[in-house]
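Written out below as structure tokens is the structure these notes cover.
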Amino acid sequence: MVRGSVGVIFGETGTFEFKVMVLDSSKVYRGAYVKVWHDASSDEKDHTWVLGQVMAIKRYSDSFSIEEAMKGQRTDKSDDKIVAEVMIIGSRDELGMLRAPVIPFSPGSPIFAADEGLTRSVLGLTGNEMSIGLLEGTNIKVQLSVNSLVQKHCSILAKTGSGKSYTASVLLEELLDHNIPLLILDPHSEYSSLKVEGEGSEEDFARFGVKPKGYGSNITVYTPASKALNPDADELFRLNGMNLTVNDLISIFPDNFSTTHTGILYEAIQKVRAEMETYTIDDIIFEVGNDKSKAKWIVINSLEQIRDTNILSPNPTSIEELFQKGKASVIDFKGVAPELQSMIVASLCSSLFESRKLNTIPPGMLVVEEAHNYAPEKGFSKTTSTDILRTIASEGRKFGLGMMVISQRPARVDKNVLSQCGTQVIMKVTNPNDLKAISKGLEGVTSYVEEELMRLPPGVAMLVSNEIERPVLVDIRIRKSKHGGESVNVLKAARTVTPPPPPEVTYEEPETPTPARAPVRREVPPVSAPVAAPADTWEPGAMMDVPVMEVPGQEKEFTPPPKRKPSRAPRNDDEKEGGGKLFKKLFGANR
């Protein structure tokens, strides 16, 4: 046995894989990286260390029979055999290109635990800017390039509770440390916790080489609702409500908004434009009300719903205020209806993209949490924000606008958006449809990767990147700031004694030095009420006006309303007789 060797190659070998008889089981495990010296070729250029990874490992014994197993527990395990299957990754040549051996390894060649330098070099872990964690099972730091992450987009995919928001915050901390502008769409109020310094043991922070840190001066939380619904917000977020065009409003309206409604809206805005230099949504509503079509009521209802949200303002929040170097603006959608969220995202992202094309804001990253709600796959739902997010995913790289897509349902995210992400951070996924979507939409995902994704523990992610040769498992580092997406402990909340409500505070009216004014009595004018005339002078249809005075402090007596006066006088006997003349003439007087 060669000194330091952890195993020996045996049996049939190939250029892509081989088997190893494991000698040191403490250093060889599923997922471990190993190296082997390759000198099968006569060319000295091919003499180099080759990196491999253990894909499967088995343990068995020839001497331990079924009969012995039935007798009881086994005590002697010295003759156990451990066999590992190793997949060859390759080595770097003089030009830095990854090469796989063209000649198989010789049986009997020793293998060794891979060192940090070879592992980093072969896998492509050459970034030194963003430290996101450690390579699983090692102390090797996984560092990414800021430029590659932002320009080529990033996606974080995981089932709920697997730590996707936690991992996203780790990446955002690194971006803030490098003064990258961030615009975060936060539907669940999770990212305002970036302001607060994190908590944890000193050992955990020391293991990953970081220190607790809060980003309070770098974070501003905006609410599209109100401070009453979201008291933790720093500022109100408002859209421009002046001189709205048809296209501005059409994107907001529901799907049942037909061409007839669009025509009514177009005519109203054209009339308002001709009369006013600046106009608001109230002016548009008034002009739509003058339309003679009955379809105007649907248009008015839609316009009033938008107006009542108070999202439109003559003093809107500017994109230059939201997107600044070293700052993160969090749009907290707490208390905002889903339909309104989609409209805000569409309008905000359109302004962001146009401003970046005009170079009025610095390069940065857009963070879309719960992306399946704002860019859903066809067949699931339809939102107004899908088109602009597709555009940013496909064209944002040209203008230095990156996008981070975060979702717990990869199968429901638009494939045009996911396929543009050059870096994917995938955590535990068990849903078959989601696994299928990941396999089809992402590069470098094999059956081995799918099996790993179903078994990943919380806090461990699979990193797939254009900068890295193959998917690697990363133990995500501890957050510098406080985690804001913890799940609610229902049992703990049920056992907690609810404090009694605070006592009602009563306020006494202060005594005023000025004398109270005497109440002013107003004269009550007489009201004429129709009442019936006396019985001895009553005639059919006759009514009499009698003044009725209301006495203050005295209860009114209820009187029934007068009977309706007939519109014509009743018939007399002569008329009745006359009315029967025709009957008498035809049938005789005696009938």
Side-chain angles (χ1 to χ4, degrees), residues 30-33 53 119-120 123-125 127 129-146 148-149 152-175 190-191 198 200 204 207-210 365 367-371 403-410 413 418 421-431 434-435 437-439 441-446 448-481 483 485-487:
R30 187 171 185 267
Y33 294 94
Q53 186 178 18
T119 305
R120 292 180 63 87
L123 291 180
L125 301 175
E129 297 166 350
M130 297 177 59
S131 178
I132 66 171
L134 301 176
L135 196 64
E136 176 71 359
T138 71
N139 291 322
I140 301 175
K141 286 188 176 181
V142 178
Q143 296 175 311
L144 302 176
S145 168
V146 172
S148 176
L149 183 77
K152 298 181 180 179
H153 310 306
C154 172
S155 64
I156 301 177
L157 310 173
K159 65 178 293 185
T160 180
S162 297
K164 62 182 187 303
S165 298
Y166 192 99
T167 304
S169 297
V170 169
L171 296 177
L172 298 182
E173 290 174 354
E174 294 292 332
L175 293 174
E190 293 178 333
Y191 293 94
D204 291 336
R207 177 172 172 249
F208 294 101
V210 296
M365 176 165 272
V367 182
V368 186
E369 177 68 79
E370 303 293 353
M403 183 164 63
M404 182 182 294
V405 179
I406 308 168
S407 176
Q408 61 184 346
R409 292 307 311 272
V413 181
L418 272 186
C421 296
T423 302
Q424 298 91 27
V425 182
I426 313 169
M427 310 191 81
K428 186 174 183 178
V429 177
T430 56
N431 186 283
D434 293 334
L435 286 170
I438 291 173
S439 299
L442 305 179
E443 298 178 359
V445 178
T446 61
Y448 162 77
V449 172
E450 290 187 11
E451 293 177 3
E452 285 292 336
L453 291 177
M454 297 178 67
R455 298 183 177 92
L456 289 178
V460 177
M462 180 168 288
L463 177 64
V464 184
S465 173
N466 295 332
E467 307 296 322
I468 302 175
E469 293 301 331
R470 65 186 313 275
V472 297
L473 297 182
V474 182
D475 186 3
I476 301 298
R477 70 162 174 81
I478 190 172
R479 281 185 59 170
K480 300 177 183 178
S481 58
H483 182 33
E486 300 95 342
S487 300

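Throughout, numbering of the chain's residues begins at 1 and tracks the sequence.
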### Message
Between Ile426 and Leu453, is the side-chain contact (heavy atoms from CB on, under 4.5 Å) condition met? List the steps.
### Response
CA-CA 8 Å; Ile426 313 169; Leu453 291 177; 3.5 Å; yes
### side chain to side chain contact (heavy atoms under 4.5 Å, CB included) partner of Val146, chosen from Glu174, Met365, Met130
Met130
Gap separating the [atom1] atom of [X] from the [atom2] atom of [Y], nearest 0.5 angstrom:
{"X": "Leu125", "Y": "Ser465", "atom1": "CG", "atom2": "OG", "answer": "9.5 Å"}
{"X": "Cys421", "Y": "Asn466", "atom1": "SG", "atom2": "CG", "answer": "10.5 Å"}
{"X": "Ser407", "Y": "Lys164", "atom1": "OG", "atom2": "NZ", "answer": "7.5 Å"}
{"X": "Ile468", "Y": "Gln424", "atom1": "CD1", "atom2": "CD", "answer": "10.5 Å"}
{"X": "Leu144", "Y": "Ser131", "atom1": "CG", "atom2": "OG", "answer": "9.0 Å"}
{"X": "Ser169", "Y": "Tyr191", "atom1": "OG", "atom2": "OH", "answer": "5.0 Å"}

Under 3.5 Å: donor-acceptor pair, side chain of [X], backbone of [Y]:
{"X": "Thr138", "Y": "Leu135", "value": "yes"}
{"X": "Gln53", "Y": "Gly31", "value": "yes"}
{"X": "His153", "Y": "Gly422", "value": "no"}

Determine the minimum heavy-atom distance between [X] and [Y], stating which atoms define it.
{"X": "Val425", "Y": "Thr167", "value": "CG1-CG2, 3.8 Å"}
{"X": "Ser162", "Y": "Met427", "value": "O-CE, 3.3 Å"}
{"X": "Leu418", "Y": "Pro410", "value": "CD1-O, 3.7 Å"}
{"X": "Ala158", "Y": "Val429", "value": "CA-CG2, 4.1 Å"}

Could you tell me whether [X] and [Y] make a salt bridge, using a distance below 4.0 angstrom between a side-chain N and a carboxylate O?
{"X": "Arg409", "Y": "Asp434", "answer": "yes"}
{"X": "Lys428", "Y": "Glu452", "answer": "no"}
{"X": "Glu173", "Y": "Arg477", "answer": "yes"}
{"X": "Asp475", "Y": "Arg207", "answer": "yes"}

Any heavy-atom pair between the side chains of [Y] and [X] that's under 4.5 Å?
{"X": "Arg120", "Y": "Ile140", "value": "yes"}
{"X": "Leu171", "Y": "Met404", "value": "yes"}
{"X": "Ile478", "Y": "Val210", "value": "yes"}
{"X": "Arg470", "Y": "Leu123", "value": "yes"}

### Query
Going through the distances and angles, do Val367 and Leu172 end up as a side-chain contact (heavy atoms from CB on, under 4.5 Å)?
CA-CA 9 Å; Val367 182; Leu172 298 182; 3.7 Å; yes
### Task
Output, in order, the C-alpha distance, side-chain angles, deciding distance and verdict of side-chain contact (heavy atoms from CB on, under 4.5 Å) for Tyr33 and Val472.
CA-CA 11 Å; Tyr33 294 94; Val472 297; 3.6 Å; yes
### Query
Does a donor on one side chain and an acceptor on the other come within less than 3.5 Å for Glu467 and Ser148?
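Judged by distance alone, the side chains do pair up.
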### Message
Do Ser165 and Glu190 pair up side chain to side chain, a donor and an acceptor below 3.5 Å, judged on atom types alone?
### Response
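Present: a donor and an acceptor within the cut-off.
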### Task
List in chain and number order the residues that pass ring-ring contact (aromatic ring centres under 6.0 Å, His included) with Tyr166, two or more places apart in sequence or in another chain; answer none if no residue qualifies.
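Only His483 meet the ring-ring contact (aromatic ring centres under 6.0 Å, His included) criterion with Tyr166.
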### Message
Pair Leu157, Ile406 - check side-chain contact (heavy atoms from CB on, under 4.5 Å), show working.
### Response
CA-CA 6 Å; Leu157 310 173; Ile406 308 168; over 6 Å; no
